[in-house]
Structures are given as C-alpha cells and as structure tokens.
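Worksheet: the structure to be examined is printed underneath.
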Amino acid sequence: MRAFVYLKDVVTLRMDEEKCNGCGMCMKVCPHEVFELSGGKSHIVDRDSCMECGACALNCPKQAIFVKSGVGCAAGILNGIIRNTEPTCDCSKNGGGCC
Amino acid sequence: MTDKYIIGEIQTPVGNIPQVSTKLNIEDYLGTVMVRWSINRDNYKVKPGLYAVGNPTALSDVFVTANYKLSFDHLRKNLADLNAWLLILDTRGINVWCAAGKGTFGSQELINRIRLTKLDAVISHRRIILPQLGAVGISAYQVKKATESVHTGSAIINPSQLQTSKLSFSPESLKTNRGFNVVYGPVRAKDIKEFVNNGYKATKEMRKVTFNFTDRIKLIPVDLVYSRYRLLLAFALIFILSGLSRTGLSFHLAYEKGLYGLLNLFLAYVSGIVITPALLPYIPVKSFAFKGFITGIILSTVLLSFNKLGSSYPEMLSWFLLISGISSFLAMNFTGSSTYTSLSGVKKEMKVAVPIQIAFSIIGLILFVVGKLK
C-alpha cells in the first residue's frame, strides 16, 4: 500500500498533543492510518499519507488537530483559479457534481 | 411513476415509511453503467428521507448515506437480510465522499434530516451509523450536541417553554431524550455486516481507503467523456495545421497528412487518461504530472520506432513535446479521481508542471508549423 503515498512533507496537518484527550476519533475517521494511539494520546505516525480531507480536525472534540483541508484535484484547483475562488470540484455547468 | 425499488411500506408512529428492495434490478445496473459513462450522471438521485429495508423496528440500526442513486443502491444491496432504516441526506445527487468534501453531506443537513424525518420518534435508541468517509463533512460531537434538543414532533424544547406550556411530557422524559450518537462505520458498504457482527467496530482494514486496479479502471470512462470537447478541439487544430505548406493551406493536404496526427493526439489522450491511471502505482515517481509525462515519452518513443512520429525532425520533436505535454496534463487531472492526493501536494506539483505543459504545447505547435513550412 505504500505505493499510494503522495509527495513528501507537503501537508498542513498539525496536532497539539497537549489538548488531546485520547478519544481516538481521529484514528477512526482517517482513511490513511495517519494516527496511532499510545500512552493515552493520539500521535501523527504517517504524515505523508495524509490527504488533507479534514475529517480528523472536524471530529476532534478538543480541537487539537489543524489541517487546511481541500480537494486534492488539479481540475478543481484550475477551476478555482479561473473563477477566483477556493479550489472547487464543481466542474459541471449546472452546479451538479463530478469528482 | 413510482420507483421500482420501493416494494412496500412500514408503519411507524410518524406514518408509513417506504420499504426498499435489497436486490438491484436490470434498470439499476443499467443506470450504474450509464453514470460510469457520464450519462445522466448529474441527475441520478433518489428522494432524501427515511426508508426501510426488511422489517425494521424501533430498535433497528439506522444507516445514513447520500441521495446519489449509486450510493443508495450500493448501501441497500449490502443490507440484504437485515432489518434497518436508511436515512438519505440531500447531497444533490453527489456521492458521500465528494459531498462531504463540499459540505452538503454535512452536520447541518444530517441534523435537519433527523428533524424532518422525526427519526427520534421512529427509533428508541440514538445510534446512527454513517459511512466513515462522511466524516469529512460531519462532526460527530457537534451533531450530538445539536440533536440533544430534538424531541418528538421535531419541536425544539427550551426550559422556558417547558414551564409555560402544557406539553405532555415530564422533564424526566427529556433526560432519556439524549442526542444522536454518530458511529462511523466502514469505508465500504460491503463490510457493514461484518462491522455489525463485530460489535459496531471497524477493523483497520475496513477503515482504510484503497485504490486498486478495478477502482481506477471504473473512473476512466467519466474522464474520457469529460475531455471529449478538448480532444475534438485539438483534433481540429492539428487537422488544419496539417494542411499547411509553403504554398498555403490545403484541405487535400490536411486530409492526406492530418490523419496520423489525429491518431497521435488520440494516443496522447489514451496515455494520460487510460494508461497512466491503469499503471499508476507502477510508474516510479510520485507526481501525477510526472507519471503522465513519462508515459507520454515512452509512447512517443514507441511511435518513433514505428516511424509514425512525423516526416521531419522538427515534426518529430514537436510530437514528442505535444504527446508528453498532453499526457502529463491529463494524468495530472487524475489527482481529482484518486483517493490519496492532498490539496497542498497537488498545488505543489502544479506549480512545476503547468508551466512546463504550457511551454511544451506552445513550442510543440511552433515546431509543427515550422516542419510544415520547411
């Protein structure tokens, strides 16, 4: 599975272990096994596997996790540049979906 | 027209809830194939709300998903032989993960949908099971907090109301009326039964997103369809330029010389949209643009060895640049289909790749014209 690791040292994921209460929610929602629990706290053990989806930060009851989340999608980023907005994956004309 | 997946009704304190089949029929399968080819994809929806599979009671599990029909079909198919409730959120026909990314599969919609369906009166427990990838848009602790005030009949109760109104419940009943607990289930619906049998715990494997060969191949048709106009435009441009000579523009010449150019262009598309995604983990670089560039270079070399890359050196070089540039750009767009690229990472690779892709295309076109006028 390590074949599916993206670029090194780029993601914005940060964690304040002081605030962590060890509930393990981040571990449950992460699709890429970035976190591990040890000593009653969660730790980032595989930062480069993070895709910045933001699920951990949104579900952390202690707000101990920070990540600038967004779509890892080149077409979405180009769309954002063209429309002068944040990267968006609304690529169809009627505002429907894609991605 | 009634929807064919509805096979009955279940009586509940809040009225009759449609019961849906857990078997997909030929129409469902046909619909799946069509949306994979981008046909009717923006309008493949089911009505948001509460549904039943089997014969659920107040104690049965609740599974939440998006109102994209593909998501809905996938969930009900994997609930065969179970008695459960389905809570369908309004994501405007987008799948769970993408909708969660946009926020339409979000805490607010879930809270509203719980109220609108009067779910608290249908079930006696307070556990709702969400697909793990929904966590991108749902905050479990916020949902819990916000639904603590929900009561039967979707009324929101506050203490002052309690004192003044003659509502038919005591403060004691409010204590049992606790908020909804969001439990994140497995990533894939096929693991639901195992998850339930496992005491509502997802194993490491159930939590992990993969991106295997079949996952990738399924996504290719939509990308092919999505890029069709750009391909036609490129076809037109190369066809016209193929008619150039020192004596001017000739349709006859374009027809004679242009067809192999169209083939080269088509192969560049295949390289970026089909070959690179199919071989994704085997191309030994990490940047998608770079992967597509490598596939394009290999393709150009193969074409050169078959003497199909043009009749002059400028033209051969132009095809090298055009094929690898196009392949790189299209492969880069596959980041959006992939399950592991980050926004920061894609931005980083684009900063390097996009200027190169533009330069390759412009120099490639100039060399193409030079080759024709030589």
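By convention in this document, chain letters (A, B, ...) are assigned in the order of the sequence lines, proteins followed by strands, and residues within each chain are numbered from 1.
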Please enumerate all residues that pass side chain to side chain contact (heavy atoms under 4.5 Å, CB included) together with B:V225, with sequence neighbours excluded.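 Once residues adjacent in sequence are excluded, the partners of B:V225 under the side chain to side chain contact (heavy atoms under 4.5 Å, CB included) criterion are B:W37, B:S38, B:R228.
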
Is the CZ atom of B:F290 crowded by more than 12 outside heavy atoms at less than 6.0 Å?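 No, not enclosed.
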
In terms of heavy-atom contacts, does CD of A:E36 have more than 12 from other residues, nucleotides or ligands at under 6.0 Å?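 No - once you tally the heavy atoms of other residues, nucleotides and ligands closer than 6.0 Å, there are 12 at most.
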
Closest non-hydrogen atom pair, [X] against [Y]:
X	Y	result
B:Y340	A:M51	O-CB, 3.6 Å
A:L78	B:F329	CD1-CE1, 3.7 Å
A:V10	B:K348	CG1-CD, 3.3 Å

Under a 4.5 Å cutoff for heavy-atom pairs, which residue among B:V182, B:T335, B:T341, B:N43 has the most contacts with chain A?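 Highest number of pairs under 4.5 Å: B:T341.
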
Among B:V136, B:V187, B:L133, single out the residue with the greatest number of heavy-atom pairs under 4.5 Å to chain A.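 Heavy-atom pair counts peak at B:V136.
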
Which distance, rounded to the nearest 0.5 Å, do you find between the [atom1] of [X] and the [atom2] of [Y]?
X	Y	atom1	atom2	result
B:S342	A:L7	OG	CG	6.5 Å
A:Y6	B:T339	OH	OG1	12.5 Å
A:I81	B:M350	CD1	CE	5.5 Å
B:S344	A:E52	OG	CD	3.0 Å

Per-residue contact mode, A:C50 against chain B (heavy atom under 4.5 angstrom):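 It is the backbone, since no side chain atom gets that close.
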
Chain B contact via A:M25 - which portion, at a heavy-atom distance below 4.5 Å: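 It is the side chain, since no backbone atom gets that close.
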
So B:L343 and A:I77, side chain to side chain contact (heavy atoms under 4.5 Å, CB included) or not? Walk me through it. CA-CA 8 Å; B:L343 174 61; A:I77 293 168; 3.8 Å; yes

Run A:K28 and B:R207 through side chain to side chain contact (heavy atoms under 4.5 Å, CB included) and show every step you take. CA-CA 7 Å; A:K28 286 184 188 162; B:R207 283 198 204 121; 4.0 Å; yes

Are side-chain heavy atoms of A:F4 and B:L280 found at a separation under 4.5 Å?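 Contact flag for A:F4/B:L280 side chains = yes.
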
What pairs of donor and acceptor atoms, side-chain ones from residues 56-63 of chain A against any protein atom, are under 3.5 angstrom apart with sequence neighbours left out?
residue : atom : partner : partner atom : Å
A:N59   : OD1  : B:A140  : N            : 2.7
A:N59   : OD1  : B:Y184  : OH           : 2.8
A:N59   : ND2  : A:A55   : O            : 3.0
A:N59   : ND2  : B:A135  : O            : 3.0
A:N59   : ND2  : B:I138  : O            : 2.8
A:N59   : ND2  : B:Y184  : OH           : 3.4
A:Q63   : NE2  : B:Y141  : OH           : 2.5

Measure B:K201 against the heavy atoms of chain A and call it side chain, backbone, both or neither at under 4.5 Å.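 Looking at B:K201, nothing touches chain A.
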
For A:E33 and B:K208, indicate whether the former's side chain and the latter's backbone hold a donor-acceptor pair under 3.5 Å.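 No, A:E33 side chain to B:K208 backbone: no donor-acceptor pair under 3.5 Å.
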
